[in-house]
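Below is one structure, written out as structure tokens; the observations come after it.
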Amino acid sequence: MSSERVVVIGGGIGGLCACLELAHLGFDVTLLEKEQAVGGKIRQVPVGANDAIGLVDSGPTVFTMRWVFEQLFDACGESFSSHVQTDPLTILARHTWGEQYLDLYADRQQSADAIAAFSSPAEAKAFLEFCAMAKKVYEVLERPFIQSARPSMAGMMGSLGITKSMPLMAIGPFSDLWSSLGKYFKDPRLHQLFGRYATYCGSSPFLAPATLMLIAQVEMDGVWSVRGGMAEIPKAIARLAESKGARIRTNTSVQAIHQQHNRVESIELSDGERIPVDYVVFNGDINVLRQGLMGASMRSAVSNSIPTSRSLSAITWSMNVKTSGFPLVRHNVFFNRHYSREFSDIFQHKSYPNEPTVYVCAQDRNDSGAALEQEERLLCLVNAPAIGDHEVNQKEIDRCEQTAFTLLKQCGLELQESSHSTIRTSPTEFNRLFPGRGGALYGQATHGWMSSFQRSNALTQIENLFLAGGSVHPGPGVPMAALSGRQAVAALMARRNSTKR
């Protein structure tokens, strides 16, 4: 074990991945997490009269880019499948506008056949053309952008060259996602369906860059359900890190990060304890540092040139209910009719949407769509503005809830809930759980063609302080945050080796 001490602040997926890899490399690692359990936004909420009823996944529910975790575990001499049990989904998601539903499948041709029956053969052909382009965009961007530590537009285009950059030119890299989708889909329902990919990184499809169509390829590469829920992933990483010597301290809040001569020298906890350090990995929103929430000396740790825009927040309902009517599968999307209005309400007016789209994760369901006889666990979610640091407008939240559940009923989904079977979480609670940006769940919004290059990388202005999490490159989402943790370790090792030389 090395005598070099590393403290990881924050037990989200980025911090956990950094903790595991650093422990494997032999560092003396301590991870500090203010909540009762690690996982960050991957969290479970107990719903019902007692814990026996079950825990509801109440954060990320879609597991993709499995290779990110396989590579991490391989690098640590372990097998991901030995620690986390997963099942591939045949139906990626079920989508409805009220009168009928459309399933997208892991098999591309099966999706095309479904689209032909739902809309038209012309739209099915357009879907296959869209998928082909999404695959090209993903293949172009995976290595020079997603896996790059410090990507820039000029550097990326230079490394790609003219031939490899042709797919980006073809989609119009300066175009927004919504406009680009219009080149493929004439059916407004399909236009809406694939525009929803922008929300995967907390953004509006009317403002997000066209390159986000690559998310279609990410899903086609595989979507899995995790046995025991998504929380099994952070639990497994934490167990493995501890087996390699890491210390993980939950219910432990950090009061301040202290520096001297442009180096962090210690971490002060809320109870006054001080932990001396050689290196620190901060796994939280970068605004926490810039706002001085970790001490005044941290305000200048992150460049002021990085935008402070806010991504989507959400209202969620963690439920244990009896359902009937609509044939739920694991992932379900209930669309509104006026999609642009939803995002103008959120991003322009900073208000709860009048006509929200509702996502429902039915966590006890498989692909059959068969009704369950007993109560089942649901997570219902609508997009919301990141205004959790403003005065709570309970009336507006209640109105949004009523509209959302009216939409579900109009689409045929009946919920038999009781007063103790639902827990609601609004931007106010998300702001408490994940401070720094008003409850934004994805860091900054990915709006504008340069936005993807405007996130901070792992380095800070302080020599031995490094960043991980969804607010830094390569962006939000479980696999992306995991990659940020690994990039923080790579940056730490490069700095360490450079200093030693």
Side-chain angles (χ1 to χ4, degrees), residues 45 47 54 56-64 87-107 110-111 114-115 117-119 189-190 192-200 215-216 218-220 222-226 229-230 312 314-337 339 342 353 355-372 374-384 400-401 403-417 421-422 424:
V45 173
V47 177
V56 179
D57 270 351
S58 299
T61 55
V62 180
F63 183 45
T64 60
D87 298 296
L89 296 181
T90 301
I91 299 177
L92 302 180
R94 178 160 289 173
H95 312 81
T96 186
W97 291 259
E99 70 283 1
Q100 59 186 131
Y101 62 78
L102 170 65
D103 290 343
L104 287 187
Y105 296 87
D107 181 86
Q110 197 172 358
S111 292
I115 289 172
F118 175 81
S119 181
R189 297 169 299 178
L190 296 176
Q192 190 177 18
L193 189 162
F194 293 104
R196 186 173 175 271
Y197 285 144
T199 65
Y200 286 29
I215 295 173
V218 169
E219 288 199 330
M220 291 294 176
V223 175
W224 290 264
S225 63
V226 181
M230 288 288 288
L312 292 170
I315 305 175
T316 64
W317 295 267
S318 304
M319 312 178 73
N320 199 288
V321 295
K322 183 75 170 62
T323 69
S324 60
F326 186 87
L328 295 168
V329 290
R330 190 171 188 89
H331 301 295
N332 312 267
V333 184
F334 297 80
F335 280 107
N336 63 47
R337 290 291 181 178
Y339 210 39
E342 176 177 350
E355 296 186 59
T357 295
V358 186
Y359 164 72
V360 177
C361 178
Q363 296 167 28
D364 298 308
R365 296 272 183 149
N366 54 28
D367 291 341
S368 72
L372 301 183
Q374 72 279 7
E375 289 185 337
E376 59 181 306
R377 296 170 298 161
L378 303 183
L379 174 69
C380 301
L381 178 150
V382 302
N383 297 320
C400 189
E401 175 177 308
T403 304
F405 284 89
T406 297
L407 174 62
L408 295 182
K409 190 170 185 178
Q410 289 172 344
C411 292
L413 180 61
E414 297 286 344
L415 303 175
Q416 301 174 23
E417 59 178 316
S421 64
T422 300
R424 184 173 73 184

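Below 30°, between 30° and 60°, or above 60°: for F405 and W317 the angle between ring planes is above 60°, a perpendicular geometry. Using cut-offs of 30° and 60° for the angle between ring planes, the W97 and F118 rings count as tilted.
When the salt bridge (Lys or Arg N to Asp or Glu O under 4.0 Å) test is applied to D57, no partner is found at least two apart in sequence or on another chain. In this structure D107 satisfies the salt bridge (Lys or Arg N to Asp or Glu O under 4.0 Å) test with no other residue, sequence neighbours excluded. Under the salt bridge (Lys or Arg N to Asp or Glu O under 4.0 Å) criterion, R330 pairs with no residue at all, not counting sequence neighbours. Y105 is linked by a ring pair (Phe, Tyr, Trp, His ring centres under 6.0 Å) to nothing, counting only residues two or more places apart in sequence or in another chain. Every side-chain contact (heavy atoms from CB on, under 4.5 Å) that E342 has, sequence neighbours left out, goes to N336, Y339, I346, P353, T357, N383. With sequence neighbours excluded, no residue forms a salt bridge (Lys or Arg N to Asp or Glu O under 4.0 Å) with D367.
Screening D103, N332, L104, V223 for a side-chain contact (heavy atoms from CB on, under 4.5 Å) with I91, the sole residue that qualifies is D103.
There is no side-chain donor-acceptor pair under 3.5 Å between T61 and Q363.
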**Q.** Verdict with supporting geometry, N366 and T90, side-chain contact (heavy atoms from CB on, under 4.5 Å)
**A.** CA-CA 9 Å; N366 54 28; T90 301; over 6 Å; no

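From S225, atom OG reaches atom NE2 of H331 across 7.5 Å, with rounding to the nearest 0.5 Å.
Here the side chains of F334 and L413 are in contact, with some heavy-atom distance below 4.5 Å.
Under a 4.0 Å N-O distance rule, the pair E376/R365 qualifies as a salt bridge.
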